[in-house]
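In what follows, a single structure is set out as structure tokens and then discussed.
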Amino acid sequence: ETGVTQTPRHLVMGMTNKKSLKCEQHLGHNAMYWYKQSAKKPLELMFVYNFKEQTENNSVPSRFSPECPNSSHLFLHLHTLQPEDSALYLCASRRRGSGFEAGELFFGEGSRLTVL
Amino acid sequence: KNEVEQSPQNLTAQEGEFITINCSYSVGISALHWLQQHPGGGIVSLFMLSSGKKKHGRLIATINIQEKHSSLHITASHPRDSAVYICAVPTAGNQFYFGTGTSLTVIP
């Protein structure tokens, strides 16, 4: 148990569906991240939020839409996805800061997405 | 070229063996992270270090800042150590460069 909770753990959706992934942490962290993990590839950063402000959008297609209503919750809204979007989506959080001061990354268990 | 390179990519060991996983990086860093990912997906932070050596149980992490190299050692390996081990270094912008991971299988 890392203190970062993701739901759902598994999601199967068609290309025309709309769904959302949810991430929640009550660790007092104020930096939150969405990562995509595809087979045999390094973790790919999608979005970073600091204090609810999006500070990075790593050229992610608009069919992925993040939302951060407060520093404890992060959503990833999905619509009209493609089969190549099937992957493990991981949420992480960390104290805001630089280098060693920011501390360790805490990850959720991930949401395994399959797009049919 | 990835800013963080790990070796080996895959590793199979007999239970009880001493294991070493290597990480080399090309950027300046303030800290390096070792992460563990079990089948099923969840990632756990094992170590964050900026110099020298750290030890947690059977796990030891070392770093040589001058050579831009870190190693993760597992002593007396056990099947429950089977996982993917990932090296990560933070950027100035509070993001991370990740290695592709080392997949470890420990056979009983």
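Naming: A, B, ... by sequence-line order, numbering from 1 per chain. Note that these values count all heavy atoms, side chains included, but never hydrogens, waters or copies made by symmetry.
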**Q.** Interchain contact, A/Q37 with chain B, by part (heavy-atom threshold 4.5 Å)
**A.** side chain
Q: Could you check if a side-chain atom of A/K41 sits within less than 4.5 angstrom of a side-chain atom of B/T100, using non-hydrogen atoms only?
A: no
Q.
Report, in residue-number order, which members of residues 84-92 of chain A are under 4.5 Å from chain B by heavy-atom distance.
A. A/L88, A/L90
Q | From A/R94 atom CZ to B/M48 atom CE, the distance as rounded to the nearest 0.5 Å | A | 7.0 Å
Q: Determine whether B/S45 and A/L105 make a side-chain contact, defined as any pair of heavy atoms from C-beta on separated by less than 4.5 Å.
A: no
Q) Is the number of heavy atoms from other residues, nucleotides or ligands within 6.0 Å of CD (B/E67) greater than 12? A) no
(Q) Surrounding NZ of B/K68 (heavy atoms of other residues, nucleotides or ligands, distance under 6.0 Å), is the total greater than 12? (A) yes
(Q) Is there a path of hydrophobic side-chain contacts, each under 4.5 Å between heavy atoms of I/L/V/M/F/W/Y residues, joining B/V89 to B/I65? (A) yes
Q | Hphob cluster co-occupancy, A/V48 + A/F64, side-chain heavy atoms under 4.5 angstrom | A | no
Q.
Would you compute the distance between atom CD of B/Q95 and atom OH of A/Y33 and round it to the nearest 0.5 angstrom?
A. 7.5 Å
Q. Under a single-linkage definition using a 4.5 Å side-chain heavy-atom cutoff for Ile, Leu, Val, Met, Phe, Trp and Tyr, are A/L74 and A/L21 assigned to the same hydrophobic cluster?
A. yes
Q. Taking the six-membered ring where the residue is Trp, are the ring centres of A/Y35 and B/F98 under 6.0 Å apart?
A. yes
**Q.** Closest heavy-atom pair and its distance - A/P42, B/G99
**A.** CB-O, 3.9 Å
Q) When rounded to the nearest 0.5 angstrom, what is the spacing between CG in B/L35 and CG in A/L43? A) 8.0 Å
Q: Establish whether B/F96 and A/F47 are linked, either directly or via other cluster members, by ILVMFWY side-chain heavy-atom contacts under 4.5 Å.
A: no
Q) With a 4.5 angstrom heavy-atom cut-off, which part of B/Q9 approaches chain A: side chain, backbone, both or neither? A) neither
Q. Are A/L81 and A/M15 joined in one hydrophobic group, where the rule is that I, L, V, M, F, W and Y side chains link up if heavy atoms are under 4.5 Å apart?
A. yes
